[in-house]
Asker: 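One structure follows; several queries about it will come next.
Below, all heavy atoms of this structure are taken into account, side chains as well, without hydrogens, waters or symmetry copies. Chain identifiers are assigned alphabetically (A, B, ...) following the order of the sequence lines, protein sequences preceding nucleic acid strands; residue numbering begins at 1 within each chain.
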Protein chains: 2
Amino acid sequence: MTDTPLPIHRDFEREEFEVRCEIPETIRSDLMQIGGIPGLKTLLPSAGRIEELSSTHHALSDPVRVTILYLLSVQPLCVCVIRECIGISGSKLSYHLNIMKENGLIVSEQQGNWIIYRLTDKGKVFAEELARM
Amino acid sequence: MTDTPLPIHRDFEREEFEVRCEIPETIRSDLMQIGGIPGLKTLLPSAGRIEELSSTHHALSDPVRVTILYLLSVQPLCVCVIRECIGISGSKLSYHLNIMKENGLIVSEQQGNWIIYRLTDKGKVFAEELARM
DNA sequence: TATGCATTTCATAATAATTTGAAATAGATG
DNA sequence: CATCTATTTCAAATTATTATGAAATGCATA
């Protein structure tokens, strides 16, 4: 693990770079080319976008919700069929459906006595990810 | 919201379909073509795969971790630079890095006094998702 | 309007994730 | 070997998420 020489630079301690620690040379040289820490920060998505992304991932961070995603990728389904496939209580299912809905992965439509859920375009994008990983 | 007639079928109460509730006709007809509830279930990924997917999404369900993903999509970085960009304590950062590592989104490599993190191929796939949504 | 069914809502209990700060580890240097 | 720096580990406190079951809602039908 200790196979590289370790030239140390304190350039990053200068206030223009806002860094209070030393940095290994391999990292430092690349970082300089994009404007140091400040330059790196400008390449990040906005705070709002990052919140949105993490929230969306949270909506898929539970096995029940991932299962719902794949069930609905087959066809739109009413709550009772989803419930039957997964084998959980109605209130529990409702809780999970709501999280997915709030995050724009699914939408619901009342049809008579039933409520039918289907994937949104965003939901479909995530359902297709199975192939990519 | 109440715009469709509601023909009710109890076919799904027959044990071969394992359903104990009524189902709206629009859903029922499509469902029959894939073999009812049992057929639908066979189209799901395995339980292990679903666990894996939800775990991966969990690893991206926090703003700190999403930020790390995007920082590392620019270039490999040592912990101290990541820390400087995000502005959190070392132990907290370590906690989040570990979750991402356990889920195969990043790998670390010791270089002298520092530990350098970089995205795995899997991590890169998720970093690219920004463009898709 | 009374009833039945599908679904949601709500309060609460149970569980899990995150934060915190102190202590430990690991490598480099004097 | 003593010390410094970077990073991780650990236990405890805090906070967030999920599960549960009872009650409420909404639609349909008699």
Asker: Measure from the side chain of B:Leu97, starting at C-beta and using heavy atoms only, and say which of C:dT7, D:dT8, C:dA17 lies closest.
Answerer: D:dT8
Asker: Side chain of A:Val79, heavy atoms from C-beta onward: which of C:dT8, C:dT18, D:dT7 has the nearest atom to it?
Answerer: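 Of the options given, the side chain of A:Val79 lies nearest C:dT8.
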Asker: Quick one: is A:Lys92 getting a side-chain N or O under 4.0 Å of the D:dT18 phosphate, OP1 or OP2?
Answerer: no
Asker: Only distances under 3.5 Å count here; give the side-chain donor-acceptor pairs of residues 117-131 of chain A to other protein atoms, sequence neighbours excluded, each with its distance to 0.1 Å.
Answerer:
from     : atom 1 : to       : atom 2 : distance (Å)
A:Arg118 : NH2    : A:Glu109 : OE1    : 3.2
A:Thr120 : OG1    : A:Gly104 : O      : 2.6
A:Thr120 : OG1    : A:Leu105 : O      : 3.1
A:Thr120 : OG1    : A:Lys122 : N      : 3.4
A:Thr120 : OG1    : A:Gly123 : N      : 3.0
A:Lys122 : NZ     : A:Thr56  : OG1    : 3.0
A:Lys122 : NZ     : A:Asn103 : O      : 3.0
A:Glu129 : OE2    : B:His57  : NE2    : 2.7

Asker: Looking only at side-chain atoms of A:His96, point me to the closest of C:dT19, D:dA19, C:dT8.
Answerer: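 Looking only at side-chain atoms, A:His96 lies closest to D:dA19.
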Asker: Nearest to the side chain of A:Ser94, which nucleotide is it out of C:dT8, D:dT7, D:dT18?
Answerer: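 Looking only at side-chain atoms, A:Ser94 lies closest to C:dT8.
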Asker: Which of the following nucleotides, D:dT18, C:dG21, D:dT7, is nearest to the side chain of B:Ile115?
Answerer: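 The closest nucleotide is D:dT7.
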Asker: Could you state the atom-to-atom distance from CD1 of A:Ile99 to P of D:dA16 in whole Å?
Answerer: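 Going from CD1 in A:Ile99 over to P in D:dA16 covers 15 Å.
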Asker: Can you tell which of C:dA6, C:dT20, D:dT7 lies closest to the side chain of A:Trp114?
Answerer: C:dA6
Asker: How close or far is atom P of C:dT8 from atom NZ of A:Lys101, stated in whole angstroms?
Answerer: 7 Å
Asker: Could you state the atom-to-atom distance from CD of B:Glu102 to P of D:dT9 in whole Å?
Answerer: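 Those two atoms, CD and P, are 10 Å apart.
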Asker: Pick base, sugar-phosphate or nothing for B:Ile82, based on heavy-atom distances below 4.0 Å to the nucleic acid.
Answerer: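 It contacts nothing in the nucleic acid.
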Asker: For residues B:Tyr95 and B:Val79: do they belong to one hydrophobic cluster (side chain heavy atoms under 4.5 Å, members Ile, Leu, Val, Met, Phe, Trp, Tyr)?
Answerer: no
Asker: Decide yes or no for A:Pro38 and A:Lys41: does some side-chain heavy atom of the first lie under 4.5 Å from some side-chain heavy atom of the second?
Answerer: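 No, every pair of side-chain atoms sits at 4.5 Å or beyond.
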Asker: Is the shortest side-chain heavy-atom distance between B:Arg65 and A:Ser54 below 4.5 Å?
Answerer: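 Contact flag for B:Arg65/A:Ser54 side chains = no.
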Asker: Check nucleotides 23-26 of chain D against the protein and report each pair of N or O atoms closer than 3.5 Å, with its distance, or say if there are none.
Answerer:
from   : atom 1 : to       : atom 2 : distance (Å)
D:dG26 : N2     : A:Asn113 : OD1    : 3.0

Asker: Pairs of donor and acceptor atoms involving the side chains of residues 66-78 of chain A, under 3.5 Å and at least two apart or interchain, shall be tabulated with distances.
Answerer:
from    : atom 1 : to      : atom 2 : distance (Å)
A:Thr67 : OG1    : A:Pro63 : O      : 2.7
A:Ser73 : OG     : A:Tyr70 : O      : 2.7
A:Gln75 : OE1    : B:Leu31 : N      : 3.3
A:Gln75 : NE2    : B:Ile27 : O      : 3.4

Asker: Select base, sugar-phosphate, or nothing to describe what B:Ile116 touches, counting heavy atoms under 4.0 Å on all strands.
Answerer: nothing
Asker: Could you state the atom-to-atom distance from CD of B:Glu22 to P of D:dT29 in whole Å?
Answerer: 10 Å
Asker: Just how far, in rounded Å, is C1' of D:dT15 from CG of B:Asp62?
Answerer: 13 Å
Asker: Is there a side-chain contact between A:Cys85 and B:Leu40 (heavy atoms, below 4.5 Å)?
Answerer: yes
Asker: From the list D:dT20, D:dT9, C:dT19, which nucleotide is the closest neighbour of the side chain of A:Ser91?
Answerer: D:dT20
